[in-house]
Amino acid sequence: MPLPRYGAIDIGSNSIRLLVSEIDETGATRDVVSSRQVVRLGASVFREGRVSDSAMTRALDALGVMAEEIRNHGVLGIRAVGTAALRDAANREDFLGRAAGLLGAPVETVSGLEEARLVHLGVQARWPQGKRKVVVADIGGGSAEVILSESGHIAEAVSKPVGAVRLTEMFLKKDPPEAREVARMEKYVEERFSGLMERIKHAQPERMIVTSATGAVAVCAANNIRRTRRDEADKLAATARQIGNLYRSLVTQDVVGRRGVTGIGPRRAEIVVAGVAVLNDSYN
(Lines give C-alpha, C1' and ligand atoms only; values in the text may rest on other atoms or scores of the structure.)
Protein backbone atom coordinates (compact mmCIF):
# COMPACT_ATOMS: atom_id res chain seq x y z
CA MET A 1 0.00 0.00 0.00
CA PRO A 2 1.50 3.40 -0.98
CA LEU A 3 2.45 5.76 1.81
CA PRO A 4 0.33 8.91 2.26
CA ARG A 5 1.75 12.04 0.66
CA TYR A 6 1.25 15.65 1.63
CA GLY A 7 2.38 18.90 0.05
CA ALA A 8 3.44 22.35 1.18
CA ILE A 9 3.80 25.49 -0.92
CA ASP A 10 5.61 28.59 0.31
CA ILE A 11 4.70 31.67 -1.76
CA GLY A 12 7.57 33.94 -0.85
CA SER A 13 8.62 37.43 -1.88
CA ASN A 14 11.44 36.11 -4.05
CA SER A 15 10.51 32.55 -4.94
CA ILE A 16 7.77 29.93 -4.69
CA ARG A 17 8.70 26.55 -3.26
CA LEU A 18 6.96 23.19 -3.38
CA LEU A 19 7.67 20.23 -1.14
CA VAL A 20 5.87 16.90 -1.36
CA SER A 21 6.69 14.33 1.30
CA GLU A 22 5.41 10.89 2.21
CA ILE A 23 4.97 9.70 5.78
CA ASP A 24 5.61 6.17 7.00
CA GLU A 25 3.93 4.36 9.90
CA THR A 26 6.52 5.73 12.38
CA GLY A 27 5.81 9.33 11.39
CA ALA A 28 9.12 9.71 9.55
CA THR A 29 9.00 11.69 6.29
CA ARG A 30 10.73 11.29 2.95
CA ASP A 31 10.83 14.07 0.37
CA VAL A 32 9.35 13.05 -2.98
CA VAL A 33 9.37 16.39 -4.81
CA SER A 34 11.25 19.58 -4.01
CA SER A 35 11.12 22.45 -6.48
CA ARG A 36 11.61 26.21 -6.52
CA GLN A 37 10.86 28.95 -9.02
CA VAL A 38 12.10 32.54 -8.71
CA VAL A 39 9.19 34.90 -9.49
CA ARG A 40 10.12 38.07 -7.53
CA LEU A 41 6.56 38.56 -6.35
CA GLY A 42 7.69 41.15 -3.84
CA ALA A 43 9.61 43.48 -6.16
CA SER A 44 6.50 45.27 -7.41
CA VAL A 45 4.84 45.15 -3.99
CA PHE A 46 7.76 46.87 -2.28
CA ARG A 47 7.87 49.51 -5.03
CA GLU A 48 4.17 50.10 -5.69
CA GLY A 49 2.21 48.45 -2.87
CA ARG A 50 0.60 45.82 -5.09
CA VAL A 51 1.47 42.72 -7.11
CA SER A 52 2.04 43.86 -10.70
CA ASP A 53 0.33 42.11 -13.60
CA SER A 54 3.63 40.64 -14.80
CA ALA A 55 4.59 39.36 -11.32
CA MET A 56 1.13 37.86 -10.87
CA THR A 57 1.41 36.07 -14.21
CA ARG A 58 4.84 34.65 -13.29
CA ALA A 59 3.60 33.48 -9.91
CA LEU A 60 0.39 31.92 -11.22
CA ASP A 61 2.30 30.16 -14.02
CA ALA A 62 4.66 28.69 -11.41
CA LEU A 63 1.74 27.57 -9.25
CA GLY A 64 0.09 25.96 -12.27
CA VAL A 65 3.19 23.82 -12.84
CA MET A 66 3.27 22.91 -9.15
CA ALA A 67 -0.44 22.01 -9.16
CA GLU A 68 0.29 19.53 -11.94
CA GLU A 69 3.14 18.00 -9.91
CA ILE A 70 0.82 17.67 -6.92
CA ARG A 71 -1.79 15.87 -8.99
CA ASN A 72 0.80 13.56 -10.54
CA HIS A 73 2.08 12.47 -7.12
CA GLY A 74 -1.25 11.63 -5.50
CA VAL A 75 -1.05 14.19 -2.70
CA LEU A 76 -3.78 13.75 -0.09
CA GLY A 77 -3.62 17.28 1.33
CA ILE A 78 -1.76 20.51 0.83
CA ARG A 79 -1.06 23.70 2.78
CA ALA A 80 -0.18 26.78 0.73
CA VAL A 81 0.90 29.98 2.47
CA GLY A 82 1.98 33.44 1.38
CA THR A 83 4.42 35.53 3.38
CA ALA A 84 5.75 39.12 3.42
CA ALA A 85 4.89 40.25 -0.13
CA LEU A 86 1.29 39.09 0.17
CA ARG A 87 1.00 40.52 3.68
CA ASP A 88 1.76 43.94 2.16
CA ALA A 89 -0.02 43.71 -1.21
CA ALA A 90 -3.15 45.80 -1.69
CA ASN A 91 -4.45 43.27 -4.26
CA ARG A 92 -3.69 40.26 -2.06
CA GLU A 93 -7.22 38.85 -2.17
CA ASP A 94 -7.25 38.80 -5.98
CA PHE A 95 -4.03 36.83 -6.02
CA LEU A 96 -5.10 34.43 -3.27
CA GLY A 97 -8.37 33.65 -5.03
CA ARG A 98 -6.71 32.93 -8.35
CA ALA A 99 -3.99 30.86 -6.71
CA ALA A 100 -6.54 28.79 -4.78
CA GLY A 101 -8.40 28.10 -8.03
CA LEU A 102 -5.25 26.72 -9.63
CA LEU A 103 -4.30 24.55 -6.66
CA GLY A 104 -7.78 23.39 -5.77
CA ALA A 105 -7.03 24.26 -2.14
CA PRO A 106 -7.19 27.37 0.06
CA VAL A 107 -4.21 29.71 0.02
CA GLU A 108 -3.63 31.75 3.16
CA THR A 109 -1.38 34.60 4.20
CA VAL A 110 0.47 33.97 7.45
CA SER A 111 1.67 36.57 9.91
CA GLY A 112 5.35 37.18 10.53
CA LEU A 113 5.18 35.43 13.91
CA GLU A 114 3.42 32.42 12.39
CA GLU A 115 6.14 32.33 9.75
CA ALA A 116 8.73 32.31 12.55
CA ARG A 117 6.89 29.47 14.30
CA LEU A 118 6.85 27.40 11.11
CA VAL A 119 10.56 28.04 10.49
CA HIS A 120 11.34 26.87 14.03
CA LEU A 121 9.11 23.82 13.61
CA GLY A 122 10.95 22.89 10.41
CA VAL A 123 14.35 23.14 12.10
CA GLN A 124 13.20 21.00 15.01
CA ALA A 125 11.82 18.39 12.61
CA ARG A 126 14.91 18.19 10.39
CA TRP A 127 17.73 19.01 12.81
CA PRO A 128 16.57 18.86 16.45
CA GLN A 129 18.90 20.67 18.84
CA GLY A 130 18.03 18.85 22.05
CA LYS A 131 18.60 21.02 25.11
CA ARG A 132 20.84 23.49 23.27
CA LYS A 133 20.18 27.21 23.18
CA VAL A 134 20.35 28.35 19.55
CA VAL A 135 19.34 31.21 17.29
CA VAL A 136 17.36 30.37 14.14
CA ALA A 137 17.26 32.94 11.34
CA ASP A 138 15.35 32.89 8.08
CA ILE A 139 16.23 35.74 5.69
CA GLY A 140 13.62 35.79 2.97
CA GLY A 141 12.80 38.17 0.17
CA GLY A 142 10.48 40.43 2.16
CA SER A 143 11.18 39.75 5.82
CA ALA A 144 13.59 38.11 8.21
CA GLU A 145 12.51 35.95 11.12
CA VAL A 146 14.86 35.53 14.09
CA ILE A 147 14.07 33.03 16.83
CA LEU A 148 15.81 32.31 20.12
CA SER A 149 15.22 28.62 20.80
CA GLU A 150 15.86 26.96 24.17
CA SER A 151 15.53 23.19 24.59
CA GLY A 152 13.42 22.98 21.42
CA HIS A 153 11.00 25.73 22.47
CA ILE A 154 10.69 29.32 21.26
CA ALA A 155 11.92 31.73 23.92
CA GLU A 156 11.59 34.80 21.70
CA ALA A 157 10.68 35.37 18.06
CA VAL A 158 10.46 38.42 15.82
CA SER A 159 9.70 39.12 12.18
CA LYS A 160 11.17 42.27 10.63
CA PRO A 161 10.70 43.84 7.15
CA VAL A 162 14.32 43.36 6.11
CA GLY A 163 14.19 40.78 3.31
CA ALA A 164 16.70 40.75 0.46
CA VAL A 165 14.26 41.84 -2.26
CA ARG A 166 12.67 44.55 -0.09
CA LEU A 167 16.01 46.09 0.94
CA THR A 168 17.33 45.98 -2.60
CA GLU A 169 14.24 47.83 -3.86
CA MET A 170 14.37 50.34 -1.01
CA PHE A 171 18.06 51.21 -0.93
CA LEU A 172 20.34 49.74 -3.60
CA LYS A 173 19.72 51.71 -6.78
CA LYS A 174 23.24 51.71 -8.23
CA ASP A 175 25.38 48.80 -9.41
CA PRO A 176 27.69 48.42 -7.60
CA PRO A 177 25.85 50.09 -4.74
CA GLU A 178 27.09 53.49 -3.61
CA ALA A 179 28.58 53.83 -0.14
CA ARG A 180 25.73 56.11 1.00
CA GLU A 181 23.13 53.56 -0.16
CA VAL A 182 24.89 50.80 1.76
CA ALA A 183 25.19 52.98 4.87
CA ARG A 184 21.47 53.84 4.81
CA MET A 185 20.56 50.16 4.39
CA GLU A 186 22.83 49.07 7.22
CA LYS A 187 21.36 51.73 9.54
CA TYR A 188 17.83 50.61 8.66
CA VAL A 189 18.64 46.96 9.39
CA GLU A 190 20.41 47.79 12.62
CA GLU A 191 17.46 49.86 13.83
CA ARG A 192 14.99 47.07 13.05
CA PHE A 193 16.96 44.64 15.23
CA SER A 194 17.84 47.14 17.95
CA GLY A 195 17.50 45.53 21.37
CA LEU A 196 16.87 42.03 20.04
CA MET A 197 20.51 41.25 19.31
CA GLU A 198 21.53 42.52 22.73
CA ARG A 199 19.03 40.17 24.37
CA ILE A 200 20.23 37.27 22.23
CA LYS A 201 23.87 37.91 23.09
CA HIS A 202 22.92 38.07 26.76
CA ALA A 203 21.26 34.64 26.40
CA GLN A 204 24.60 33.23 25.10
CA PRO A 205 23.32 30.81 22.43
CA GLU A 206 25.64 28.08 21.20
CA ARG A 207 25.13 28.63 17.49
CA MET A 208 23.06 30.28 14.79
CA ILE A 209 21.14 28.16 12.27
CA VAL A 210 20.21 29.96 9.06
CA THR A 211 17.50 28.28 7.00
CA SER A 212 17.13 30.50 3.93
CA ALA A 213 18.67 30.58 0.45
CA THR A 214 20.67 33.60 1.61
CA GLY A 215 22.17 31.43 4.33
CA ALA A 216 22.94 28.63 1.87
CA VAL A 217 24.61 31.05 -0.54
CA ALA A 218 26.70 32.60 2.22
CA VAL A 219 27.86 29.23 3.54
CA CYS A 220 28.66 28.03 0.00
CA ALA A 221 30.68 31.16 -0.72
CA ALA A 222 32.49 30.97 2.63
CA ASN A 223 33.40 27.31 2.04
CA ASN A 224 34.10 27.66 -1.71
CA ILE A 225 31.30 25.24 -2.64
CA ARG A 226 29.72 25.58 -6.07
CA ARG A 227 25.96 26.16 -6.21
CA THR A 228 25.52 22.83 -8.09
CA ARG A 229 26.74 21.15 -4.88
CA ARG A 230 24.69 23.29 -2.52
CA ASP A 231 23.30 20.26 -0.68
CA GLU A 232 26.83 19.69 0.63
CA ALA A 233 26.65 23.03 2.45
CA ASP A 234 23.81 21.82 4.65
CA LYS A 235 24.97 21.96 8.28
CA LEU A 236 28.41 23.31 7.37
CA ALA A 237 29.64 26.26 9.41
CA ALA A 238 30.65 29.79 8.51
CA THR A 239 32.21 32.06 11.11
CA ALA A 240 31.23 35.67 11.78
CA ARG A 241 34.57 36.72 10.30
CA GLN A 242 33.89 34.77 7.10
CA ILE A 243 30.44 36.34 6.73
CA GLY A 244 31.86 39.81 7.39
CA ASN A 245 34.62 39.32 4.83
CA LEU A 246 32.09 38.06 2.26
CA TYR A 247 29.81 41.05 2.83
CA ARG A 248 32.63 43.57 2.53
CA SER A 249 33.65 41.95 -0.74
CA LEU A 250 30.13 41.83 -2.20
CA VAL A 251 29.33 45.50 -1.59
CA THR A 252 32.27 46.55 -3.79
CA GLN A 253 31.25 44.42 -6.80
CA ASP A 254 28.69 44.89 -9.53
CA VAL A 255 26.22 42.14 -10.39
CA VAL A 256 28.59 40.60 -12.96
CA GLY A 257 31.31 40.34 -10.35
CA ARG A 258 28.93 38.85 -7.79
CA ARG A 259 27.84 36.22 -10.28
CA GLY A 260 31.46 35.13 -10.45
CA VAL A 261 31.63 34.39 -6.72
CA THR A 262 31.58 30.66 -6.02
CA GLY A 263 28.19 29.56 -4.73
CA ILE A 264 26.18 32.57 -5.94
CA GLY A 265 23.75 32.00 -8.80
CA PRO A 266 22.85 34.60 -11.44
CA ARG A 267 19.47 35.60 -9.97
CA ARG A 268 20.69 35.51 -6.38
CA ALA A 269 23.53 37.86 -7.34
CA GLU A 270 20.93 40.59 -7.93
CA ILE A 271 19.80 40.63 -4.27
CA VAL A 272 22.64 38.95 -2.37
CA VAL A 273 24.20 42.16 -1.02
CA ALA A 274 21.04 42.99 0.94
CA GLY A 275 20.56 39.42 2.14
CA VAL A 276 24.12 39.05 3.42
CA ALA A 277 23.87 42.51 5.04
CA VAL A 278 21.06 41.16 7.25
CA LEU A 279 23.00 37.97 7.97
CA ASN A 280 26.11 39.98 8.85
CA ASP A 281 24.11 42.17 11.23
CA SER A 282 22.58 39.07 12.84
CA TYR A 283 26.00 37.50 13.34
CA ASN A 284 27.39 40.60 14.97
Side-chain angles (χ1 to χ4, degrees), residues 11-16 37-59 82-92 95 112 137-146 159-194 210 212-218 221 227 243-284:
I11 305 172
S13 303
N14 183 55
S15 61
I16 300 179
Q37 292 197 44
V38 175
V39 298
R40 293 279 158 86
L41 194 64
S44 58
V45 175
F46 305 141
R47 282 196 309 267
E48 305 159 9
R50 64 186 303 278
V51 179
S52 68
D53 291 343
S54 58
M56 188 170 297
T57 296
R58 289 194 302 272
T83 54
L86 291 178
R87 288 196 289 268
D88 292 358
N91 56 342
R92 172 179 64 244
F95 177 88
D138 184 85
I139 303 166
S143 65
E145 285 66 48
V146 180
S159 176
K160 299 293 182 179
V162 292
V165 176
R166 187 192 297 270
L167 293 177
T168 300
E169 292 292 333
M170 288 176 64
F171 296 105
L172 306 182
K173 310 299 183 182
K174 303 293 185 180
D175 183 37
E178 294 181 348
R180 63 184 179 84
E181 295 177 334
V182 173
R184 288 177 60 230
M185 177 182 68
E186 291 174 349
K187 185 173 186 283
Y188 180 85
V189 172
E190 185 177 352
E191 288 174 348
R192 300 288 85 72
F193 286 122
S194 177
V210 186
S212 57
T214 289
V217 162
R227 61 189 295 266
I243 297 300
N245 289 341
L246 174 64
Y247 176 60
R248 286 186 288 274
S249 172
L250 291 174
V251 296
T252 66
Q253 299 179 56
D254 63 12
V255 69
V256 175
R258 296 193 296 270
R259 285 171 179 156
V261 176
T262 300
I264 298 178
R267 296 303 306 277
R268 181 61 51 174
E270 298 167 0
I271 60 172
V272 70
V273 171
V276 177
V278 178
L279 181 58
N280 187 54
D281 185 82
S282 302
Y283 260 62
N284 294 289

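No experiment lies behind these values; they were computed from the predicted model shown. Quick note: numbers below take in every heavy atom, side chains included, and nothing from hydrogens, waters or symmetry partners.
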If you count every heavy atom of other residues, nucleotides or ligands that lies below 6.0 Å from Glu190 atom CD, does the total exceed 12? no
Could you go through the side chain to side chain contact (heavy atoms under 4.5 Å, CB included) check for Leu167 and Val162 one step at a time? CA-CA 6 Å; Leu167 293 177; Val162 292; 4.1 Å; yes
Check whether any side-chain heavy atom of Tyr247 lies under 4.5 Å from a side-chain heavy atom of Val182, and answer yes or no. yes
Between the main-chain N or O of Val278 and the side-chain N or O of Ser282, is there a donor-acceptor pair closer than 3.5 Å? yes
If you look at every heavy atom in Leu41 and Gly12, which pair is closest and at what distance? CB-O, 3.8 Å
4.5 Å side-chain heavy-atom contact, Ser159 and Glu145: yes
Report yes or no: do Ser52 and Ser54 form a side-chain donor-acceptor pair below 3.5 Å? yes
Looking at CD1 of Ile16 and OG1 of Thr83, how far apart are the two atoms once the value is rounded to the nearest 0.5 Å? 10.0 Å
For a quick test of reading the model, state the closest non-hydrogen atom pair linking Asp175 to Asp254 and the distance between them. OD1-CA, 3.2 Å
With Thr262, which residues qualify under side chain to side chain contact (heavy atoms under 4.5 Å, CB included), at least two apart? Asn224, Arg226
Quick one: closest heavy-atom pair of Arg87 and Ser143, and the distance? NH2-OG, 3.3 Å
Residues Thr168 and Ala274: closest non-hydrogen pair is OG1-CB, 3.5 Å
With rounding to the nearest 0.5 Å, note down the distance linking CE in Met185 to CZ in Arg180. 13.5 Å
Going by side chain to side chain contact (heavy atoms under 4.5 Å, CB included), name the residues that satisfy it together with Ala89, two or more places apart in sequence or in a different chain. Val45, Val51, Asn91, Arg92
Does the pair Glu48/Arg50 count as a salt bridge with the N-to-O cut at 4.0 Å? no
Intermediate values then yes/no, side chain to side chain contact (heavy atoms under 4.5 Å, CB included), Ile271 and Asn14: CA-CA 10 Å; Ile271 60 172; Asn14 183 55; 3.7 Å; yes
With distance as the sole test, does Ser13 use its side chain to make a donor-acceptor pair with the main-chain N or O of Ala85 at under 3.5 Å? yes
Has Arg192 got its NZ or CZ under 6.0 Å from the middle of the six-membered ring of Tyr188, at an angle within 45 degrees of the ring axis? yes
In chain order, what residues pass the ring pair (Phe, Tyr, Trp, His ring centres under 6.0 Å) check against Phe193, with sequence neighbours excluded? none
Pairs touching residues 40-59 that satisfy ring-ring contact (aromatic ring centres under 6.0 Å, His included), sequence neighbours left out: none
Pairing residues for Arg267 by the side chain to side chain contact (heavy atoms under 4.5 Å, CB included) criterion, not counting sequence neighbours: Val38, Arg40, Glu270
If I compare all heavy atoms of Leu250 with all of Val273, which pair ends up nearest, and what's the gap? O-CG2, 3.8 Å
Lys/Arg-Asp/Glu bridge criterion (N-O < 4.0 Å) met for Arg166, Asp88: yes
Closest heavy-atom pair, Thr214 versus Ile139, reported as atoms and distance to 0.1 Å, is OG1-O, 3.9 Å
All side chain to side chain contact (heavy atoms under 4.5 Å, CB included) counterparts of Ala269, not counting sequence neighbours: Val255, Arg258, Arg259, Ile264
